[in-house]
Number of protein chains: 2
Amino acid sequence: MAHATAARQGAQTSPEDHADLEDLVGYNLKRAYVIVDADFRRALGEDGLAPRVFSALSLIVHIPDITQSDLARRLGIERSGLVAITDDLEARGFVIRQPVPGDRRVQALAATKAGKAAYLEALQTVRAHEARLLSDLSPAEAETLVGLLRKIRQIGD
Amino acid sequence: MAHATAARQGAQTSPEDHADLEDLVGYNLKRAYVIVDADFRRALGEDGLAPRVFSALSLIVHIPDITQSDLARRLGIERSGLVAITDDLEARGFVIRQPVPGDRRVQALAATKAGKAAYLEALQTVRAHEARLLSDLSPAEAETLVGLLRKIRQIGD
DNA sequence: GGTTGATTGTTTCTACGGTTAACAATATAG
DNA sequence: CTATATTGTTAACCGTAGAAACAATCAACC
């Protein structure tokens, strides 16, 4: 409808005038993501697992002999990006690449004993980090948030 | 057909077995952010404004003669990071750096007529992108989501 | 059974967003 | 007037990621 002339006003800045940005989901999503991501890294320390490495390890622990391609699909990233992640985990001794009898292209990923232990410890740390960071949200709110985020994620599939 | 060899999809991983990751706010936040960010860029096109540039332009339009330092603070990034953003906007003819009488260190940022027009157009595009992308969420849900994300943002301040 | 097409892991290149540390110019406080 | 702080800026660097290419391997199929 009547969209006023482009360069109109803009003179005085009333508080709710910035509302544009503040009301956008994307903007708030990004700002929140940056904060949570930074705190995650702080929580896991200088040489701790990066978020994406932690995520990969989680899936490897839970899905024995998962393939890198499959893992990439589940994480929503490219196959090529998984090489560095796997290298990282292998260098730490948390994961090994195992040849798969029957298909010599594939290398199944398996968590070592150390990998499983490290995962469980990291998981504790991550849970503590989230509990601390999200202490302003009630459990119900946190659950709601996760549910809504999943709805958005779903679109990407 | 499916040989039941080692590559077989992980010895029946029950769905709730991955729950670790799926229940973490950070993981879901990141996945959702990636999707929204990618769609934002797609919506604004190859040579369109990047998300951060759009955000900066929005604040410049709404807050006349804002300072780069102030803008950085409001966007939650470093001063140094704003130089490239401002360069971008200036190269497009959307913003000019103006000397401020009284303090020769500062250069106030002002949106040009073209900048204001471009912002309004981009805003329409962005709103359409969000409406499309978030069509699975009811308006109430979207509002709830923004509210919860703001609560997280608040922590960072 | 040999050709065609797809898949897997990988490397290399590129791009982007962002931080840190330094710096010169300028302003402010004591 | 000196010491300190602030502003915009540059340069070096890191982390994440995608795209494109490639060799090895597998599957299809005629």
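Reckoned from all heavy atoms, side chains included, excluding hydrogens, waters and symmetry mates. Quick note on labels: first sequence line is chain A, next is B, and so on, each numbered from 1.
Nearest-nucleotide positions on DNA chain C place Arg97(A) closer to the 5' end than the other of Arg97(A) and Ile85(B).
For the pair Arg79(A) and Asp70(A), the salt-bridge criterion is not met [side-chain N within less than 4.0 Å of a carboxylate O]. With salt bridges taken as basic N to acidic carboxylate O contacts below 4.0 Å, one links Asp20(A) and Arg127(B). One finds a salt bridge joining Glu22(A) and Arg153(B) here, because a Lys/Arg side-chain nitrogen approaches an Asp/Glu carboxylate oxygen to under 4.0 Å.
Closest approach to the Ala50(B) side chain among dT10(D), dG17(C), dT8(C) is made by dG17(C) (side chain taken as heavy atoms from C-beta onward). In this structure, the nucleotide among dT19(C), dT25(D), dT9(D) sitting nearest to the side chain of Val83(B) is dT9(D). Closest contact between the side chain of Glu78(B) and the listed nucleotides dT16(D), dT20(C), dT10(C) involves dT20(C). Of all nucleotides listed (dA17(D), dG17(C), dT10(C)), dT10(C) comes nearest to the side chain of Ser80(A). Checked against dT9(D), dT8(C), dT25(D), the side chain of Arg104(A) finds its nearest nucleotide in dT25(D).
For Gln107(B) and dT9(D), the shortest distance from a side-chain N or O to OP1 or OP2 is below 4.0 Å. Put simply, Arg41(B) has no side-chain N or O that comes within less than 4.0 Å of OP1 or OP2 on dA15(C). In terms of phosphate contacts, Lys30(B) brings a side-chain nitrogen or oxygen within less than 4.0 Å of OP1 or OP2 of dA17(D).
Between the CG atom of Leu71(B) and the P atom of dG8(D) there is a distance of 10 Å, rounded to whole Å. The distance from atom CD1 of Ile77(B) to atom C1' of dG17(C) is 9 Å, rounded to the nearest whole Å. Rounded to an integer number of Å, the gap from CG of Leu49(A) to P of dG15(D) is 14 Å. Across the protein-nucleic acid pair, Asp87(B) atom CG and dA11(D) atom P stand 12 Å apart, rounded to whole Å. Atom CZ of Phe40(B) is separated from atom C1' of dC16(C) by 15 Å (rounded to the nearest Å). Atom CG of Asp70(A) is separated from atom C1' of dG9(C) by 14 Å (rounded to the nearest Å). Here dG15(D) presents its C1' atom at 19 Å from CZ of Phe54(A), a figure rounded to the nearest Å. Between the CG atom of Leu82(A) and the P atom of dT12(C) there is a distance of 18 Å, rounded to whole Å.
There is no path of hydrophobic side-chain contacts, each under 4.5 Å, that joins Leu82(A) to Ile96(A).
Side-chain N or O atoms of His62(B) include one that pairs as donor or acceptor with a backbone N or O of Ser58(B) at under 3.5 Å. Side chain of Thr125(B) to main chain of Leu44(B): no donor-acceptor pair is present (N/O by atom type, distance under 3.5 Å, no hydrogens or angles).
If you check every strand for non-hydrogen atoms under 4.0 Å, Thr67(B) touches sugar and phosphate atoms only.
Remark: the Arg52(B) side chain and the dG17(C) base include no donor-acceptor N/O pair separated by less than 3.5 Å. With hydrogens and angles ignored, a donor-acceptor pair closer than 3.5 Å exists between the side chain of Arg105(B) and the base of dT6(D). One can find a donor-acceptor pair under 3.5 Å joining the base of dG8(D) and the side-chain atoms of Arg79(B).
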